[in-house]
Amino acid sequence: MHRHPQARIDVQGGGSSVHPSNPLTNITLTEIRRIFSGTTKNWRALGLPPHAIDLITREEGSGTREAFEHLVMGKHEITPAALVQDSNGSVREIVAGDPYSLGYISAGLVNQQVKALAIDGVFPTRKNIKNHTYKLVRRFLLVARARPAGTCNAFQKFVLGSNGQKILESEGLVGIK
């Protein structure tokens with residue numbers, strides 16, 4: 001079998017988000033894992049006033065959930081007590097309306113409605129994603145069975161070029177340039 005080059009298109013960072021009124025600004029990967037596995041169920045464990053943590057997760061088969069399971073959960077299962085949503089936008093809306101919630105979404109979807117948390121002291125900024133300081137990153141690849149030619153090659157060049165990268169960045173992804 002011949003190996004053909006893969007073109008890295010862009011990078012999408014993601015992480016935990018909370019309601020803007022939540023005083024938490026940083027969380028550890030271990031704390032996230034304990035919360036989403038159901039071991040930690042109350043904000044008190046994180047030094048906040050006591051209240052149950054309302055967990056929001058993505059549906060099975062979601063790329064965001066798959067990345068979260070791989071990068072955060074490892075061998076641990078997400079608790080069935082978590083509310084399952086079918087889009088990052090739905091997770092954001094629920095977190096925006098519930099000051100006791102914790103969810104995870106793609107970094108490009110974080111807006112003034114929710115607050116992204118630093119994980120182990122590192123915020124999911126474009127700079128931190130690009131310089132690999134922020135670790136919860138899912139790469140997207142263009143993969144071909146043969147060296148791209150014709151329309152396929154033109155598409156790859158467009159995506160990797162400045163106009164394609166601008167479009168990806170405008171959609172909330174983190175380009176490679």
- request: Indicate yes or no for a side-chain donor-acceptor contact from His19 to the backbone of Ala96 under 3.5 Å, with no hydrogens or angles considered.
  value: yes
query: Honestly curious: do Leu117 and Phe123 fall in one hydrophobic cluster under the side-chain, below-4.5 Å linking rule?
result: no
task: Mind checking the CG-NE2 spacing from Leu136 to His70? Nearest 0.5 Å is all I need.
output: 10.5 Å
Please list, one pair per line, the donor and acceptor atoms closer than 3.5 Å that link side chains of residues 27-38 to other protein atoms, with sequence neighbours excluded.
residue	atom	partner	partner atom	Å
Thr28	OG1	Glu31	N	2.9
Thr28	OG1	Glu31	OE1	3.3
Glu31	OE1	Thr28	N	2.8
Arg33	NE	Val72	O	2.7
Arg33	NH2	Val72	O	3.1
Ser37	OG	Arg33	O	3.0
Ser37	OG	Arg34	O	3.1
Ser37	OG	Thr39	OG1	3.1

Ile129 versus Ala107, closest heavy-atom pair with distance: CD1-CB, 4.3 Å
- prompt: Between Asn22 and Pro99, what is the shortest heavy-atom contact and its length?
  reply: ND2-O, 4.1 Å
- request: Answer whether the closest heavy-atom distance between the side chains of Gln85 and Glu93 falls below 4.5 Å.
  value: no
query: Looking at CG of Asp98 and OG of Ser21, how far apart are the two atoms once the value is rounded to the nearest 0.5 Å?
result: 9.0 Å
Separation of Lys135 NZ from Asn128 CG (nearest 0.5 Å): 10.0 Å
query: So, do Phe158 and Ile167 sit near enough that their side-chain heavy atoms are less than 4.5 Å apart?
result: yes
task: May I ask you to test the Arg58-Asn88 pair for a side-chain heavy-atom distance under 4.5 Å?
output: yes
- prompt: Does a sphere of radius 6.0 Å around OH in Tyr100 hold more than 12 heavy atoms from other residues, nucleotides or ligands, not counting ones at 6.0 Å or beyond?
  reply: no
task: Could you state whether Tyr104 and Leu46 fall into the same hydrophobic cluster, counting links through intermediate Ile, Leu, Val, Met, Phe, Trp or Tyr residues with side-chain heavy atoms under 4.5 angstrom apart?
output: yes
field: Expected output: side-chain Lys115 to main-chain Leu24 donor-acceptor under 3.5 Å
entry: yes
task: Flag yes if Leu71 and Val122 sit in one hydrophobic cluster, no otherwise; membership is Ile, Leu, Val, Met, Phe, Trp, Tyr, and two members link when side-chain heavy atoms are under 4.5 Å apart.
output: yes
task: Looking only at non-hydrogen atoms, find the nearest pair between Leu102 and Ser16 and report the distance.
output: CD1-CB, 3.8 Å
Note, Tyr134 side chain near Thr125 side chain (heavy atom, < 4.5 Å): no
query: Counting distance only, does the side-chain N/O of Ser62 pair as donor-acceptor with the main-chain N or O of Thr64 below 3.5 Å?
result: yes
- prompt: When rounded to the nearest 0.5 angstrom, what is the spacing between NZ in Lys41 and CG in Leu55?
  reply: 10.0 Å
- request: Could you name each residue pair satisfying side-chain hydrogen bond (donor to acceptor under 3.5 Å, both in side chains) that touches residues 43-54, not counting sequence neighbours?
  value: none
field: Heavy-atom pair with the smallest gap, counting every atom of Asn42 and Pro50
entry: OD1-CA, 3.3 Å
query: Given side chains that start at C-beta, do those of Ile78 and Met73 come closer than 4.5 Å, heavy atoms only?
result: yes
message: How close do Arg92 and Leu109 get, counting heavy atoms only, and between which atoms?
response: NH1-O, 2.8 Å
- line: Here the salt bridge (charged side-chain N to carboxylate O under 4.0 Å, His left out) pairs for residues 60-73, sequence neighbours left out, are Arg65-Glu69
Inter-residue atom distance Ser17.OG - Asn111.CG, 0.5 Å rounding: 9.5 Å
- request: Please report the closest heavy-atom contact between Gly15 and Ile119, naming both atoms and the distance.
  value: CA-CD1, 4.2 Å
- prompt: Side chain of Gln165, backbone of Ile176: donor and acceptor closer than 3.5 Å?
  reply: yes
